[in-house]
Amino acid sequence: MNNVTIMGRLGSEPVVRNTNGSTVARLSLGVTINSEKNSDKSTEWIDVYLRDSLALIAQQYYHTEDKIYIYGHLVTGSMKDRDGNVRYATQIVADESSKVKTARRNLNADESEE
């Protein structure tokens, strides 16, 4: 079974390209990692790829700092670098995605005094 579920915030606007008659969007998703040994938190940046209709939705509706839910699968590819060494990269290809609504508190001075 090759399933991945992540949720994080967009680090930048989606990068959308048309390739071989298909639309592809790349998202850079910041996912918070909690340390088991102490209370430290860190952010892991993960590249996520969306295709066709999901890419078009991302292009229109997803923006920097939006919280995004991704369900997809892992794909590993390889390429040769300038020195001829083979480099491997594992990416997430989304099968589903959605923007997650978050509560925002906009209290003005009058409301905060109550």
remark   = Between Ala58 and Leu50 the two heavy atoms that sit nearest each other are CB-CD2, 4.5 Å

ask   = Under 3.5 Å, is there a donor-acceptor pair between the side chain of Asn2 and the main chain of Leu74?
value = yes

query = Looking only at heavy atoms, what is the nearest atom pair of Glu96 and Leu54, with distance?
reply = N-CD1, 4.1 Å

key: Distance, nearest 0.5 Å, that separates CE of Met7 from OH of Tyr69   = 8.0 Å

remark   = CG of Asp81 to CZ of Arg87, rounded to nearest 0.5 Å, is 4.5 Å

query = Quick one: CD on Glu65 to OG on Ser12, what's the gap to the nearest 0.5 Å?
reply = 11.0 Å

message = Side-chain heavy atoms nearer than 4.5 Å, only ILVMFWY residues, links allowed to pass through others: does that put Ile33 and Leu27 together?
response = yes

message = Checking the side chain of Asp83 only, and the main-chain atoms of Asn85 only, is there a donor and an acceptor separated by less than 3.5 Å?
response = no

ask   = If two hydrophobic side chains count as joined below 4.5 Å and joins carry through other members, does Ile6 share a cluster with Ile68?
value = yes

task = Using only heavy-atom distances, determine whether the side chains of Thr76 and Thr90 contain a donor-acceptor pair under 3.5 Å.
result = yes

ask   = Which atom names give the shortest non-hydrogen contact between Ser28 and Trp45, and what distance separates them?
value = OG-CE3, 3.5 Å

ask   = Around atom CZ of Arg51, are there more than 12 heavy atoms of other residues, nucleotides or ligands at under 6.0 Å?
value = no

key: Lys99 side chain vs Tyr61 backbone, donor-acceptor pair below 3.5 Å   = yes

request  = Establish, from distance only, whether the side-chain atoms of Thr23 and Asp52 form a donor-acceptor pair under 3.5 Å.
outcome  = no

message = Looking at Ile70, is its backbone amide N or carbonyl O close enough to the side chain of Ser97 to form a donor-acceptor pair, meaning the two atoms are under 3.5 Å apart?
response = no

ask   = Under 3.5 Å, side chain of Arg9 to main-chain N/O of Asp66, donor-acceptor pair present?
value = no

message = Is there a side-chain contact between Tyr71 and Asn3 in this structure, where contact means two heavy atoms from C-beta onward sitting under 4.5 Å apart?
response = yes

Path from Val4 to Val48 over hydrophobic side-chain contacts below 4.5 Å = yes

key: Residue pair Val31 / Thr43, side-chain heavy-atom distance below 4.5 Å   = no

key: Heavy-atom pair with the smallest gap, counting every atom of Val86 and Ser78   = CG1-CB, 3.9 Å

query = What are the two closest heavy atoms between His63 and Leu10, and how far apart are they?
reply = O-CD1, 3.4 Å

Name of the residue among Val75, Val24, Ile92 meeting side chain to side chain contact (heavy atoms under 4.5 Å, CB included) with Tyr49 = Val24

query = For the side chain of Gln59 and the backbone of Val16, is there at least one donor-acceptor N/O pair under 3.5 Å apart?
reply = no

message = Quick one about Asp95 and His73 (side-chain donor to acceptor, distance below 3.5 Å, no hydrogens or angles considered), yes or no?
response = yes

